Trainee: 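So that we are looking at the same thing, I have put the structure below in structure tokens.
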Amino acid sequence: MRICVRFFALYEDLIGRDEEVYFLKSGSKVGDIINLVVEKHESMKGANGMLIAINNTFVKLDTFLKDGDEVALLPPVSGG
Amino acid sequence: MIQITREDFSVDETIRKLRTDEMGAIATFVGVVRGESKGRKVDHIEVQAYEEMAIKQLQAIEKKAIEKFDVKSVTVIHRIGSLNVSENIMLITVGAGHRREAFDACRYILEQIKRMVPIWKKEYTPNGSYWVEEKHHD
């Protein structure tokens with residue numbers, strides 16, 4: 001499966017880019033992609049309070065991924 | 001009405017557009033850039049949004065506020081981009097039959113935005129720049 005991961009705000013600063021593509025096997029979950037991101041980017045270890053969205057909807061770590069999903073990793077928000 | 005924009009907004013114009021005969025109260029909140037944060041002097045801020053999702057979340061909050069508090073109309077305008085101290089960041093206006101539900105809905109919308117809308121503020125100070133960590137008031 002081809003998954004596009006987007007990074008925002010603090011995470012974009014930590015990683016140095018706003019988007020990456022990952023390839024995972026079928027049956028993978030959101031938690032699997034988080035593990036891959038943290039493995040690749042040590043700066044993301046200990047990223048507390050992360051919110052995750054797939055295709056603009058909040059999801060949990062045990063949500064299954066589909067080919068073509070856009071996964072957004074969101075730091076704790078501070079709008080308003 | 002929901003809007004994310006780089007442009008400044010007019011509170012008067014927004015209220016004028018929202019106003020109807022059914023309303024006896026219009027509650028307004030304006031968020032502005034504060035010149036000090038955690039003892040640091042703020043020079044300016046950058047506001048960033050995951051825009052597609054922020055609009056979707058704001059529309060859901062608008063719908064929920066109208067249903068929950070039985071108000072007539074809601075407008076939320078949130079700015080993004082570089083903003084100087086004292087500039088407007090966000091506007092919430094709620095039109096209702098009476099003041100109680102207008103104030104309650106306005107407060108509810110503000111607190112929901114601070115919990116669940118993917119927008120972030122970065123403060124620029126003489127000592128460096130910092131992403132704002134929001135405290136939630138229950």
Side-chain angles (χ1 to χ4, degrees), chain A residues 2-22 29-31 33-34 36-38 40-80, chain B residues 2-5 29-34 37-38 45-61 76-81 83 88-92 106-124 128-137:
Chain A
R2 181 184 188 277
I3 306 294
C4 175
V5 180
R6 293 181 68 179
F7 309 104
F8 289 88
L10 173 65
Y11 298 163
E12 183 182 347
D13 281 359
L14 289 175
I15 289 170
R17 62 178 72 90
D18 63 0
E19 192 174 294
E20 285 184 336
V21 173
Y22 289 77
K29 296 180 181 178
V30 169
I33 206 152
I34 301 302
L36 288 177
V37 169
V38 173
K40 184 175 177 186
H41 300 287
E42 186 146 349
S43 54
M44 287 292 284
K45 279 183 185 158
N48 293 323
M50 183 189 294
L51 302 169
I52 305 159
I54 293 181
N55 306 335
N56 301 321
T57 301
F58 286 122
V59 295
K60 297 186 178 170
L61 291 173
D62 60 356
T63 302
F64 284 100
L65 296 166
K66 295 190 314 296
D67 183 43
D69 274 345
E70 173 180 286
V71 176
L73 303 193
L74 312 174
V77 300
S78 58
Chain B
I2 301 298
Q3 190 181 12
I4 292 181
T5 176
F29 172 86
V30 179
V32 297
V33 180
R34 195 168 53 242
S37 176
K38 295 182 180 175
I45 69 170
E46 286 283 337
V47 183
Q48 188 184 111
Y50 180 12
E51 281 190 59
E52 313 92 276
M53 188 171 174
I55 287 174
K56 186 180 167 193
Q57 293 291 97
L58 287 168
Q59 287 171 337
I61 293 168
V76 178
I77 302 173
H78 203 302
R79 293 180 70 192
I80 56 173
L83 303 175
N88 291 329
I89 303 172
M90 179 181 71
L91 171 65
I92 302 170
C106 191
R107 178 76 185 240
Y108 169 82
I109 292 164
L110 174 60
E111 298 302 331
Q112 290 296 101
I113 288 170
K114 287 185 171 292
R115 285 178 192 278
M116 58 185 271
V117 177
I119 296 177
W120 302 270
K121 299 195 289 264
K122 188 175 192 178
E123 293 171 341
Y124 287 79
S129 57
Y130 308 90
W131 288 101
V132 172
E133 290 176 22
E134 198 61 57
K135 289 188 183 58
H136 295 294
H137 301 278

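Convention: sequence-line order gives letters A, B, ...; per-chain numbering from 1. Because the structure is predicted, anything quoted here is derived from the model rather than measured.
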Trainee: Pick one of side chain, backbone, both or neither for B/Met90, based on which atoms fall under 4.5 Å of a heavy atom in chain A.
Mentor: side chain
Trainee: Taking the side chain from B/Lys122 and the backbone from A/Ala9, do they hold a donor-acceptor pair closer than 3.5 Å?
Mentor: no
Trainee: For A/Gly80, is there any backbone N or O sitting under 3.5 Å from a side-chain donor or acceptor partner on B/Lys121?
Mentor: yes
Trainee: Answer with side chain, backbone, both or neither: which region of B/Val117 has an atom nearer than 4.5 Å to a non-hydrogen atom of chain A?
Mentor: backbone
Trainee: Tell me, for B/Glu46 versus chain A, whether the close heavy atoms (under 4.5 Å) come from the side chain, the backbone, both or neither.
Mentor: neither
Trainee: Please look at B/Lys56 and chain A and tell me whether the side chain, the backbone, both or neither of the residue comes under 4.5 angstrom of a heavy atom of that chain.
Mentor: side chain
Trainee: What part of B/Ala54 gets within 4.5 angstrom of chain A, counting heavy atoms only: side chain, backbone, both, or neither?
Mentor: neither
Trainee: Please look at B/Glu52 and chain A and tell me whether the side chain, the backbone, both or neither of the residue comes under 4.5 angstrom of a heavy atom of that chain.
Mentor: both
Trainee: Sort by residue number and list every member of residues 51-61 of chain A having a non-hydrogen atom under 4.5 Å from chain B.
Mentor: A/Ala53, A/Asn55, A/Asn56, A/Thr57, A/Phe58
Trainee: Give, for atom OG of A/Ser78 and atom CD of B/Gln48, the distance between the pair rounded to the nearest 0.5 Å.
Mentor: 9.5 Å
Trainee: As an exercise: rank A/Ala72, A/Pro76, A/Gly79, A/Gly49 by heavy-atom pairs under 4.5 Å with chain B and give me the winner.
Mentor: A/Gly79
Trainee: If you measure from CZ on A/Phe7 to OH on B/Tyr50, what distance do you get to the nearest 0.5 Å?
Mentor: 12.5 Å
Trainee: Drop me the distance from B/Trp120's CH2 to A/Glu12's CD, to the nearest 0.5 angstrom.
Mentor: 9.5 Å
